[in-house]
Structures are given as C-alpha cells and as structure tokens.
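What you see is a predicted model, and the numbers here were worked out from it, not measured in a lab.
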Amino acid sequence: MGTQAINLMNANALRAWSSAIGEPHWLLERRIQALKLEGTLELPKVEKTKLEKWDIYETGDYKAENPWSSLEDAPEVVRGLVASPVKGGLIVQFNSDVVYTELSESLAAQGVILTDLHTAAKEHEALVQRYLYQAVKPGEHRLSAAHSAFWSGGVFLYVPDGVEVETPIQAIFLNDTSGVRFAPHVLIVAGSNSKIVYVDHCVSSRDDVKALHNGVVEVFAGAGSKVQVASVHQLAAATTDFTERRAVVLADGAVEWIIGEMNNGYTASDTKTLLQGNGSVSDTKVIAIGTGIQKSSYTTQARHFGRSSVSQMITRAVMLDEASAIINGITKIEKGATHCDGQQTERVLMLSPKARGDANPILLIDEDDVTAGHAASVGQVNAEQIYYLMSRGISRSEAEYLVIFGFLAPVISEIPLEGVRGRLQNLVESKLGRS
C-alpha cells in the first residue's frame, strides 16, 4: 500500500475517532495537518543516537477505558503513589484515556482548571487554542507530528493570574497493554504572578508491556510566575519512551524541572526551557539509571532571549551492566540577551566494564556581556570515598551504595510529593540491586 493510501486511511480513521469523542472541528483540523506533515518529515536528530533502529514507528491503537468512580477502582501501583485523601488535584490516564479526575473545591473556586485535554478543548476552547502546539510544534520532526496527530487523554492545568497553589497537583499515566496508543499531552498554563507545583509518574504495570510512549509536556509560565514540574518515568523494558518537555518563561518567571528517568527500556528525552522574558529563570535537575542493554539519550537545553535571565542544568546518570547513555547539555545565549548566566553540569558513573556514558556540554554564545560555564565527567565510583567509608567499618557494597545514592540524592530530595519521592528512592535501590 502506498504512502498516500496509508495517509488517507489514517486520516479517515482519525476523523471518525475525533467525531466519536466529540472534539471541536478546529482540533481535528490541527490533527489532520499534523498527519500530513508526518509523512514528509525526518526523525528528530539526537546526538550520537540512531533512532531509526528503535521501535518508534507504531503509534498504537486507541483503547477506550471506563472511568473510575473512585480510587478504589485503581490498581495498587496507582494507589501506592497517591496521597489519600487527595488534597490538591489528581488526574489519572489509563492507557489511552483519562479515567479519573479530582480537584479540590477551594482550588476550583479560585479558577484553577484541571481536566483532560479533550474536555478542555471543548470547555476552555480559547485557552487551549492559544497555547496547544505552541511550544512543541508539529512541524519540528516526524515524532512531534505523529504526537500532534494522535495524542489522546492528556492533562490541561490552568492557574489564573495571582493564584498561588501550595498543594501539588498530581498526574499518573499508567500503561498495562501492549500495542495501545500511549501518547499523553500535558499542557500547563500559569498566569502572571501565579504559583503551581505539578508532579507526574509515568509507569508500566509489567515489564513485558510493549508500547511506544510518545509524550509531550508544554509549560507556559507567565510574568512573575513560579512553576515546578517533577516527573518520574518507570516504563517497561519492552516499551520505548520518547518524551519532549518544553517551557516558555516570561519576564521574572521561573520554571524548575525535576526529572527521574527510571525506565528499563530505550529512552530519549529532551527537556528545554525558552527564557523569553527579562529576569526569567530555569533550573533543571535530571537523574537516570540505566541497566541491562538499555540505550538512552538525555538532553537538557536552555535558550536565553531575555536580558539577565538565568539557567542552571544538572544531569547525573548511573550506568550498570551493558547500558549506555548520551548526556547532552546545551546552553544557547542569543544576541542581545545581556547579563545572562547559563551554567550546566553533566556527570556519569559507570559501574560495569561494559557500561558506557558520554557527556556532551555545549555552549553557544552570541552575546559578549554574559556568564556561562559547564562541567562534565565520566568515570567510576571515587575510590577514595569508598576507602574512607570502609575505614569506618562499612562494607564495600554498602559503601558503594552510599556513594551512588549520595550522587543522586540532590534530585531525589527535591521531589515535592512524599509518595512519589519514596517510590523514586525505591526504584533507585531496586535498579542498584538492593531489593
């Protein structure tokens, strides 16, 4: 079957599905345009990574799910991540559909919106039309076009001007079926001088679940806003994870990313902040552990447009067995972005002779009156630290664990929800062979 016939078949199926779930016409047309682009675009260029050899070509079949009447209907893996009772807000996507949403009455009364993205496109049309696909555009590459055409479920989180939400909003994305469409789109809009903390967990129920997670997170931080996004990915060895996270930050706004990459399968993630406004701030922390024959690419980026903007990026990865990782840090300071400060650090620990790590710090500076720096290291566990701990009566294995956990702890400790933080710590211990 030719490419044109396949695209026509996909377009007809997409129209039928969109109509069945009651999407507005403008959203369907954006999906169709993205589908047309998909057939013309190349795969994304990922440093020293051959994505064409990964399982990234199948979008999966949409799988409708029944809504949960309460969290009693949720699997144990979900209940173990959720604080009960829910104090702020919670949204759960199961395979292709959002099945549970809860938002406190006090936050709803202040104008906070938490819903799936399909509902938001109908009930908050002007907001979604304004921001959807504006940070991660369909025309960037083949996978962004495929996501824009086929995403389902997703999250829409809106915080009005001046509203400060102290209790974290949580989302859980659970995949338990091979071959299903698993492509949530998260859209966060924070108004001027607002404050929000969003925490999500992307998890497979079993390690033999085979799927493609093609996920996108778009964050728009208004002037003077403070947005914290924490995310832990724990997907199966048979699942490929391609995730793009992007934030646009206006004057005096701040976005903090806290990312735990705990997948067992092939992973490529790109976390990027566009510092558009003067005095805007970005802080990105990423930890990752690779095991088995896992191949990974973790990219962090900060692009400075506003004057006196500040970015900090820290990535720490631990590779075991035959795992390999490419760690890319890119700081770009545009012409006219005077008095900026961009700093980045990439560090990789290799705990096996066959493990591989590659740290690539990149500074692209088009302005003279700025400060920028980078640090990168790839190596084994520090022998002097091990010796010091062993001299205090600690066994070698325990000493190695303490050094490794201390290497990752600065990010783990920043996770704002106790349940997710505890889960991340348990994942670290498990991947290091402690349980």
Peer 1: Between the side chain of Asp176 and the main-chain N/O of Ser205, is any donor-acceptor distance below 3.5 Å?
Peer 2: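 No; zero donor-acceptor contacts below 3.5 Å.
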Peer 1: Should the heavy atoms of other residues, nucleotides or ligands under 6.0 Å from CD of Glu125 be counted, would the total exceed 12?
Peer 2: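 Enclosed: over 12 neighbouring heavy atoms sit under 6.0 Å from CD of Glu125.
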Peer 1: Donor-acceptor pair, Thr345 side chain versus Ile314 backbone, under 3.5 Å?
Peer 2: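 No; judged by distance alone, with no hydrogens or angles, the pair does not exist.
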Peer 1: Less than 4.5 Å apart, side chain to side chain, heavy atoms only: is that true for Leu320 and Lys431?
Peer 2: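 A side-chain contact under 4.5 Å is absent here.
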Peer 1: For residues Phe405 and Gln425, determine if any side-chain heavy atom of one lies less than 4.5 Å from a side-chain heavy atom of the other.
Peer 2: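 The answer is yes; the side chains approach within 4.5 Å.
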Peer 1: Is there side-chain contact between His185 and Leu132, with at least one heavy-atom pair below 4.5 Å?
Peer 2: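 They are in contact (side-chain heavy atoms under 4.5 Å apart), so the answer is yes.
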Peer 1: May I have all residue pairs that pass ring-ring contact (aromatic ring centres under 6.0 Å, His included) and include part of residues 277-320, sequence neighbours excluded?
Peer 2: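 Found none.
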Peer 1: Where do Ala317 and Ile327 come nearest, in terms of heavy atoms and distance?
Peer 2: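 Looking at all heavy atoms of both residues, the shortest contact is CB-CD1, 4.0 Å.
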Peer 1: With no hydrogens and no angle check, is any side-chain donor or acceptor of Thr49 less than 3.5 Å from a backbone partner on Glu47?
Peer 2: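 Yes; judged by distance alone, with no hydrogens or angles, the pair exists.
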Peer 1: Show every salt bridge (charged side-chain N to carboxylate O under 4.0 Å, His left out) that has at least one partner inside residues 179-196, sequence neighbours left out.
Peer 2: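 Those involving residues 179-196 are Glu166-Lys195.
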Peer 1: What I want to check is whether the side chains of Thr299 and Asn328 have a donor and an acceptor closer together than 3.5 Å.
Peer 2: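 Yes, a side-chain donor-acceptor pair sits under 3.5 Å.
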Peer 1: Would you indicate whether the side-chain heavy atoms of Gln344 and Glu346 approach each other to under 4.5 Å?
Peer 2: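 Sidechains of Gln344 and Glu346: in contact.
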Peer 1: Less than 4.5 Å apart, side chain to side chain, heavy atoms only: is that true for Ser204 and Leu235?
Peer 2: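 Yes, at least one pair of side-chain atoms sits under 4.5 Å.
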Peer 1: Within the side chain of Tyr158, is there an N or O that forms a donor-acceptor pair under 3.5 Å with the backbone of Gly191?
Peer 2: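 It does not hold such a pair.
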Peer 1: Sort and list the pairs that fulfil salt bridge (charged side-chain N to carboxylate O under 4.0 Å, His left out) and have at least one residue in residues 307-327, not counting sequence neighbours.
Peer 2: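 Non-adjacent pairs meeting salt bridge (charged side-chain N to carboxylate O under 4.0 Å, His left out): zero.
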Peer 1: Among Thr101, Val99, Val186, find the residue that satisfies the side chain to side chain contact (heavy atoms under 4.5 Å, CB included) test when tested with Ile91.
Peer 2: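 Answer after filtering Thr101, Val99, Val186: Thr101.
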Peer 1: Does any N or O in the side chain of Asp161 come within less than 3.5 Å of the main-chain N or O of Val163, such that one atom is a donor and the other an acceptor?
Peer 2: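 A pair under 3.5 Å: no.
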Peer 1: Looking at every non-hydrogen atom in both residues, tell me the closest pair between Gly306 and Ala337 and how far apart they are.
Peer 2: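 It is O-CB, 3.8 Å.
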Peer 1: Listing request: all ring-ring contact (aromatic ring centres under 6.0 Å, His included) pairs with a residue in residues 200-226, at least two apart in sequence or in separate chains.
Peer 2: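 Pairs touching residues 200-226 that pass the test: Tyr131-Phe220, Phe182-His213, His213-His233.
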Peer 1: Enumerate the residue pairs fulfilling ring-ring contact (aromatic ring centres under 6.0 Å, His included) with a member in residues 331-386, sequence neighbours excluded, ordered by first and then second residue.
Peer 2: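 For residues 331-386, and leaving out neighbouring residues, there are no ring-ring contact (aromatic ring centres under 6.0 Å, His included) pairs at all.
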Peer 1: Do you know the tightest heavy-atom contact between Ser269 and Glu261?
Peer 2: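 Residues Ser269 and Glu261, closest heavy atoms: OG-OE2, 3.0 Å.
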Peer 1: Does a side-chain N-to-carboxylate-O contact under 4.0 Å join Asp270 and Lys272?
Peer 2: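 Between Lys272 and Asp270 there is no salt bridge, as every charged N stays at least 4.0 Å from the carboxylate O atoms.
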Peer 1: Does Thr240 reach the main-chain N or O of Ile56 with its side chain, forming a donor-acceptor pair under 3.5 Å?
Peer 2: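 A pair under 3.5 Å: no.
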Peer 1: We want to know whether Glu65 and Asn95 form a side-chain donor-acceptor pair, criterion being a heavy-atom distance below 3.5 angstrom.
Peer 2: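 A pair is found: one side chain offers a donor N or O, the other an acceptor, under 3.5 Å apart.
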Peer 1: If the plane angle is over 60° it's perpendicular, under 30° parallel, otherwise tilted; pick one for His124 and Phe156.
Peer 2: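 Aromatic pair His124/Phe156 classed parallel.
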Peer 1: Kindly indicate whether the side chain of Asp55, heavy atoms from C-beta on, has any atom under 4.5 Å from the side chain of Lys210.
Peer 2: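 Yes, side chains in contact.
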Peer 1: So do the side chains of Glu367 and Thr338 get within less than 4.5 Å of each other, counting heavy atoms only?
Peer 2: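 The answer is yes; the side chains approach within 4.5 Å.
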Peer 1: Looking only at non-hydrogen atoms, find the nearest pair between Ala135 and Glu218 and report the distance.
Peer 2: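 Heavy-atom minimum between the residues: N-OE2, 2.8 Å.
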Peer 1: Closer than 3.5 angstrom, by distance alone: can the side chain of Ser309 be matched with the main-chain N or O of Gly279 as a donor-acceptor pair?
Peer 2: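 Judged by distance alone, no pair lies under 3.5 Å.
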Peer 1: Can Lys285 and Glu256 be counted as an ion pair, charged N to O under 4.0 angstrom?
Peer 2: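 Yes.
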Peer 1: Measuring only between side-chain heavy atoms, which start at C-beta, is Val155 closer than 4.5 Å to Leu114?
Peer 2: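 Yes, their side chains come closer than 4.5 Å.
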Peer 1: Identify the heavy atoms of Gly357 and Val378 that sit nearest to each other, and give their distance.
Peer 2: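 Scanning both residues, the minimum pair turns out to be O-CG1, 3.6 Å.
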Peer 1: Test your reading of the model: is there a side-chain donor-acceptor pair from Lys63 to the backbone of Asp97, 3.5 Å cut-off?
Peer 2: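 Absent.
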Peer 1: How close do Glu72 and Arg79 get, counting heavy atoms only, and between which atoms?
Peer 2: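 Scanning both residues completely, I find the closest heavy atoms to be O-NH1, 3.9 Å.
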Peer 1: Under the criterion side chain to side chain contact (heavy atoms under 4.5 Å, CB included), which of Leu90, Asp200, Leu107 is the partner of Ile169?
Peer 2: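 That would be Leu107.
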Peer 1: Whether the side chain of Arg245 engages the backbone of Ser231 through a donor-acceptor N/O pair (distance < 3.5 Å, no angle test) should be reported.
Peer 2: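 No, Arg245 side chain to Ser231 backbone: no donor-acceptor pair under 3.5 Å.
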Peer 1: Report yes or no: does Ser148 contribute a side-chain atom to a donor-acceptor pair with the main-chain N or O of Ser144 at less than 3.5 Å?
Peer 2: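 At least one qualifying donor-acceptor pair exists.
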Peer 1: For His141, what residues pass the ring-ring contact (aromatic ring centres under 6.0 Å, His included) criterion, not counting sequence neighbours?
Peer 2: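 By the ring-ring contact (aromatic ring centres under 6.0 Å, His included) rule, His141 matches Phe242.
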